[in-house]
Structures are given as structure tokens and as C-alpha cells.
*Asks:* 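Just dropping this structure here.
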Amino acid sequence: MLRRDLSELREGDRNPCVVLSGVLHDPYTGKELPYSYRRASQIETDHVVALGAAWRAGAYAWTPARRLEYANDLDVLLAVDKQTNQDKGSRTADKWRPPRQAYWCEYARRYTGIKTKYALSVTPPERTALEELLGTCPQ
């Protein structure tokens with residue numbers, strides 16, 4: 001995920017699997033956040049459809065293996081601003097949207113793609129909110 005979401009990426013010399021540093025252009029806020037392997041960061045991993053929201057939408061009936069697959073699916077994961085991720089918590093699209101309006105379209109596309117991929121239910125208020133967010137997409 002860091003390899004995908006960071007720019008100015010620097011990988012380990014001996015172990016290229018280790019991301020040593022980079023910069024996140026946070027999609028939720030637009031902030032530029034530095035990342036360093038050995039220092040605390042303002043970057044967290046968000047589950048676009050939060051684990052709690054997925055549970056309420058049908059993941060409670062999944063096998064442990066399916067839950068683990070979901071929790072580690074790179075399509076579900078996104079590097080974002082730590083405080084914004086904590087503010088989001090396990091809220092669904094009808095209760096939370098990214099503060100940066102320019103990301104609403106992409107957020108809704110990812111969110112609906114995840115719900116579809118994992119056959120998770122969508123509440124009527126959630127559907128209305130997603131339609132509004134998708135309405136910001138360029139025509």
C-alpha cells in the first residue's frame with residue numbers, strides 16, 4: 001500500500017520490500033505528509049469501507065479466512081491522514097465523507113466497488129449519500 005500511495009519513494013537497499021521514506025498526498029485532506037520508516041507518522045491505513053461497517057453490512061457471516069482477505073485487500077486499504085482516519089472511525093458514507101470535496105467521486109467509486117466485490121449490503125441512506133458523491137464525478 002505504501003508503495004502504491006506514496007510519492008518520492010525510497011526503498012531499503014538490502015531489502016526492497018521495506019519502504020524507508022516517501023510523501024503521502026493525502027486524498028482525504030489534500031495534505032502532504034512525510035513518511036519515514038523509523039519515525040512516528042501522521043499516516044494511517046484506512047479501510048475505505050471500515051471493518052465495523054463491513055461487519056454490520058454482512059461480514060459477520062463470513063469465514064475467518066474471508067475476513068482476513070478483506071482486512072488485507074489492497075483495494076480496500078488506503079494510506080490517509082491519521083486524524084482524519086480516526087475522525088471517520090467505522091462510519092458509512094451517509095455519516096462521513098472526505099473533507100476534500102475533490103476526492104468525493106473517487107471515494108464513492110472505491111466504496112461502491114468494495115461493497116460490490118464483497119457483496120456487502122447498502123442501507124437506503126448510504127445509497128442516497130453515495131449517489132450524491134457520485135454526482136460530483138466529471139461527466
Side-chain angles (χ1 to χ4, degrees):
M1 178 201 57
L2 291 175
R3 222 179 233 86
R4 179 194 66 201
D5 294 347
L6 297 181
S7 64
E8 301 173 37
L9 195 65
R10 195 171 133 247
E11 299 170 339
D13 295 330
R14 284 184 259 170
N15 183 354
C17 293
V18 175
V19 174
L20 296 176
S21 65
V23 175
L24 174 68
H25 301 278
D26 177 41
Y28 287 173
T29 65
K31 294 177 187 174
E32 285 194 7
L33 303 170
Y35 171 80
S36 177
Y37 179 73
R38 301 227 182 259
R39 289 196 202 113
S41 170
Q42 292 304 310
I43 300 170
E44 275 191 353
T45 301
D46 180 39
H47 290 84
V48 175
V49 176
L51 296 174
W55 180 268
R56 294 186 301 271
Y60 64 87
W62 293 347
T63 64
R66 181 74 165 161
R67 288 185 199 132
L68 186 60
E69 175 189 339
Y70 180 84
N72 292 303
D73 184 339
L74 288 176
D75 292 339
V76 175
L77 301 174
L78 185 64
V80 299
D81 172 61
K82 179 179 183 176
Q83 186 60 55
T84 304
N85 187 42
Q86 291 175 1
D87 292 345
K88 176 187 171 204
S90 69
R91 292 186 183 106
T92 52
D94 57 312
K95 307 260 193 263
W96 186 89
R97 56 185 62 188
R100 186 171 148 254
Q101 189 171 351
Y103 193 69
W104 286 3
C105 172
E106 181 60 26
Y107 177 75
R109 284 180 174 162
R110 283 190 79 159
Y111 193 101
T112 56
I114 293 163
K115 287 276 189 159
T116 301
K117 179 177 181 177
Y118 286 93
L120 294 168
S121 65
V122 177
T123 65
E126 196 176 8
R127 181 177 309 278
T128 299
L130 288 165
E131 288 170 353
E132 290 173 7
L133 292 167
L134 289 168
T136 67
C137 294
Q139 297 298 322

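Small disclaimer: the values here were computed from a predicted structure and weren't measured. Residue indices begin at 1 and follow the sequence shown.
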*Asks:* Share the residues that join Ile43 in a hydrophobic cluster, the rule being Ile, Leu, Val, Met, Phe, Trp or Tyr side chains under 4.5 Å apart at the heavy-atom level.
*Replies:* Met1, Leu2, Leu6, Leu9, Val18, Val19, Leu20, Leu24, Leu33, Tyr35, Tyr37, Leu74, Leu77

*Asks:* Please enumerate all residues that pass ring pair (Phe, Tyr, Trp, His ring centres under 6.0 Å) together with Trp62, with sequence neighbours excluded.
*Replies:* Tyr70, Tyr118

*Asks:* Just wondering, are more than 12 heavy atoms of other shown residues or ligands nearer than 6.0 Å to CG in Asp13?
*Replies:* no

*Asks:* State whether the number of non-hydrogen atoms from other residues, nucleotides or ligands found under 6.0 Å of Arg4 atom CZ is greater than 12.
*Replies:* yes

*Asks:* Residues in side chain to side chain donor-acceptor pair (under 3.5 Å) with Tyr107, at least two apart?
*Replies:* none

*Asks:* Hey, quick one: are Leu51 and Leu68 part of the same hydrophobic cluster, counting side-chain heavy atoms closer than 4.5 Å, chains of contacts allowed?
*Replies:* no

*Asks:* Mind checking salt bridge (Lys or Arg N to Asp or Glu O under 4.0 Å) for Asp94 and listing every partner two or more places apart, or none if nothing turns up?
*Replies:* none

*Asks:* Please round to the nearest 0.5 Å and tell me the distance separating atom NZ of Lys115 and atom CG of Leu130.
*Replies:* 8.0 Å

*Asks:* If you look only at pairs with a residue in residues 120-139, which of them pass as a ring pair (Phe, Tyr, Trp, His ring centres under 6.0 Å), with sequence neighbours excluded?
*Replies:* none

*Asks:* Under the ring pair (Phe, Tyr, Trp, His ring centres under 6.0 Å) rule, what pairs show up with a residue in residues 119-139, not counting sequence neighbours?
*Replies:* none

*Asks:* Going by salt bridge (Lys or Arg N to Asp or Glu O under 4.0 Å), name the residues that satisfy it together with Asp81, two or more places apart in sequence or in a different chain.
*Replies:* Lys31

*Asks:* Do you know the tightest heavy-atom contact between Gly52 and Ser90?
*Replies:* CA-CB, 4.1 Å

*Asks:* When you group the ILVMFWY residues by side-chain heavy-atom contacts below 4.5 Å and let the links chain together, are Val76 and Trp55 in the same group?
*Replies:* no

*Asks:* Name every donor-acceptor pair, under 3.5 Å, that has one atom in a side chain of residues 131-139 and the other anywhere in the protein, sequence neighbours excluded.
*Replies:*
unit_1, atom_1, unit_2, atom_2, d
Glu132, OE1, Arg97, NH2, 3.4
Thr136, OG1, Cys105, N, 3.4
Thr136, OG1, Leu133, O, 2.6

*Asks:* Quick one: closest heavy-atom pair of Pro98 and Tyr103, and the distance?
*Replies:* CG-CD2, 4.0 Å

*Asks:* Partners of Arg10 by salt bridge (Lys or Arg N to Asp or Glu O under 4.0 Å), sequence neighbours excluded?
*Replies:* none

*Asks:* So which atom in Pro34 and which in Ser41 form the shortest heavy-atom distance, rounded to 0.1 Å?
*Replies:* O-OG, 3.9 Å

*Asks:* Please identify each residue that fulfils side-chain contact (heavy atoms from CB on, under 4.5 Å) with Ser121, with sequence neighbours left out.
*Replies:* Ala57

*Asks:* Taking all heavy atoms of Arg66 and all of Lys117, pick out the closest pair and write down the distance.
*Replies:* NH2-O, 3.8 Å

*Asks:* Among residues two or more places apart or on two chains, list those pairs meeting side-chain hydrogen bond (donor to acceptor under 3.5 Å, both in side chains) that have a residue in residues 43-52.
*Replies:* Tyr28-Asp46, Glu44-Asn85, Glu44-Gln86, Asp46-Lys88

*Asks:* Please find the pair of heavy atoms, one from Pro27 and one from Arg100, that lie closest to each other, and give the distance.
*Replies:* O-NH1, 2.8 Å

*Asks:* Looking at NZ of Lys95 and OG1 of Thr123, how far apart are the two atoms once the value is rounded to the nearest 0.5 Å?
*Replies:* 7.5 Å

*Asks:* How far apart are the closest heavy atoms of Ala50 and Gly89, and which atoms are they?
*Replies:* CB-O, 3.6 Å

*Asks:* Quick one: are Arg110 and Leu78 in side-chain contact, heavy atoms under 4.5 Å?
*Replies:* yes

*Asks:* Please enumerate all residues that pass salt bridge (Lys or Arg N to Asp or Glu O under 4.0 Å) together with Arg127, with sequence neighbours excluded.
*Replies:* none

*Asks:* Distance from Lys82 atom NZ to Asp26 atom CG, nearest 0.5 Å?
*Replies:* 14.0 Å

*Asks:* Report the distance from atom CD of Gln42 to atom OG1 of Thr29, rounding to the nearest 0.5 Å.
*Replies:* 11.0 Å

